[in-house]
Amino acid sequence: MGKTIVSWSPVHGQAATTSNVAALASHFALIYNHQSLITHTQLTYSSLESLFKKEMTDSRGFDSGIEALERLAQSSLLKPDAVRDYTETVYKNRLDLLGGTQNQSLETPHLLEILLKVAESAYDIVWIDAHSGTRSNSSKRLLKKADLVIVNLPQNRFVLDQFFSGEGFPEELKDKNLIILISQYDQRVKPGIQKIKSKYGKKHPVFAINYSSKFKDSANKFEFTELFYRVVNSSKGSDIQDFIKSLEKVNRYILKKLDLKELEEEDE
């Protein structure tokens with residue numbers, strides 16, 4: 001049975017939730033020999049798809065994405081083996097993307113959970129970019145269901161104090177396996193990661209995702225997937241390597257926490 005990792009933030013637009021999960025999933029796919037699926041809870045537009053240079057079109061629903069799987073689900077034809085046929089390849093045999101739809105009428109309340117249950121049988125890991133905040137019922141159900149929750153927070157003392165005081169900490173996260181990511185971390189800015197860990201990291205592990213101008217630039221240029229191909233096994237470029245090393249720490253923890261074996265490479 002596959003594992004579900006949900007990336008979420010209590011605040012909107014401040015914690016790099018989408019870019020964090022996209023980066024972690026990409027790095028994990030290229031380093032560890034596990035098959036992953038990445039998707040999101042936005043049934044329409046999501047910046048996740050743009051990062052992977054997978055543009056949405058009017059005709060997309062007929063051959064890929066959530067809308068195509070919905071038709072199978074309604075016909076009781078949605079099986080694990082069929083899921084891969086309706087996804088888009090990011091890294092061959094490593095990472096697939098399940099995209100959204102432009103169909104505004106796609107509002108089946110529990111559709112995403114149904115699809116993910118099937119997808120979990122087809123993949124080792126399902127990475128989910130969840131809608132931020134606590135107003136989305138879909139996100140709250142996914143937080144409760146997840147094997148591991150990634151809580152993304154900015155390097156902002158007010159937001160950190162607010163979240164760890166209990167405000168904005170949803171009921172669904174209580175007693176969950178979760179990790180805290182401090183997004184776009186800058187070591188020149190206070191509070192520093194050691195201070196954050198000592199003050200807030202008593203119950204849950206805290207990791208910094210280092211800020212990288214090269215990473216941000218590649219995302220803006222839609223060269224995200226190419227960037228990881230180039231640098232994931234390279235020792236060149238201190239800026240990007242600080243970022244890559246921060247991803248390594250998180251993914252190593254995820255590998256152990258979810259009891260995923262570090263599989264040997266297979267000849268392709």
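Every value quoted in this text rests on a predicted model; they were computed, and no experiment measured them.
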- Message: Checking Lys145 now: which residues fulfil salt bridge (charged side-chain N to carboxylate O under 4.0 Å, His left out) with it, not counting sequence neighbours?
- Response: Glu120

- Item | Spatial distance of atom CD (Gln194) from atom OG (Ser198) [nearest 0.5 Å] | 7.5 Å

- Task: Flag yes if more than 12 heavy atoms outside Lys197 fall under 6.0 Å of its NZ atom; otherwise flag no.
- Result: yes

- Task: Please confirm whether the backbone N or O of Arg135 pairs with a side-chain atom of Lys140, one donor and one acceptor, at under 3.5 Å?
- Result: no

- Task: Check whether any side-chain N or O of Glu88 sits under 3.5 Å from a backbone N or O of Gly99 as a donor-acceptor pair, and report yes or no.
- Result: no

- Give a yes or no answer on whether the side chain of Asp242 reaches the backbone of Ser212 with a donor-acceptor pair at less than 3.5 Å. no

- Task: Using modelled atom types only, decide if a donor and an acceptor are shared between the side chain of Ser246 and the backbone of Asn210 within a distance under 3.5 Å.
- Result: yes

- So does Gln187 have more than 12 non-hydrogen atoms from other groups sitting under 6.0 Å from CD? no

- Query: Do Tyr91 and Tyr229 have ring centroids that are under 6.0 Å from one another?
  - Reply: yes

- Query: Who passes ring-ring contact (aromatic ring centres under 6.0 Å, His included) against Tyr185, sequence neighbours left out?
  - Reply: none

- CD1 on Ile150 to OG on Ser9, rounded to 0.5 Å: 12.0 Å

- Message: Can you see whether Asn20 engages Asn152 through a side-chain donor-acceptor pair at a distance of less than 3.5 angstrom?
- Response: yes

- Task: Sort and list the pairs that fulfil salt bridge (charged side-chain N to carboxylate O under 4.0 Å, His left out) and have at least one residue in residues 155-166, not counting sequence neighbours.
- Result: Asp161-Lys199

- Query: When rounded to the nearest 0.5 angstrom, what is the spacing between CG in Leu178 and NZ in Lys203?
  - Reply: 11.0 Å

- Message: Just to verify, what does His12 make a ring-ring contact (aromatic ring centres under 6.0 Å, His included) with, not counting sequence neighbours?
- Response: His131

- Does a side-chain N-to-carboxylate-O contact under 4.0 Å join Asp186 and Arg188? yes

- Salt bridge present between Lys245 and Glu248 (N-O < 4.0 angstrom): no

- All salt bridge (charged side-chain N to carboxylate O under 4.0 Å, His left out) counterparts of Glu172, not counting sequence neighbours: none

- Message: Determine whether a donor-acceptor pair (N or O, by modelled atom type, separation under 3.5 Å) exists between the side chain of Asp96 and the backbone of Leu37.
- Response: no

- Message: Just to verify, what does Tyr123 make a ring-ring contact (aromatic ring centres under 6.0 Å, His included) with, not counting sequence neighbours?
- Response: none

- Are the side chains of Leu153 and Ile196 in touch, meaning some heavy atoms are under 4.5 Å apart? no

- Contact check, side chains of Trp127 and Leu48, non-hydrogen atoms, under 4.5 Å: no

- When rounded to the nearest 0.5 Å, the distance separating CD1 of Ile244 from NZ of Lys249 is 13.5 Å

- Answer yes if the ring centres of Phe222 and Phe52 are under 6.0 angstrom apart, and no otherwise. no

- So if you build clusters from Ile, Leu, Val, Met, Phe, Trp, Tyr with side-chain heavy-atom gaps below 4.5 Å, do Tyr253 and Leu30 land together? yes

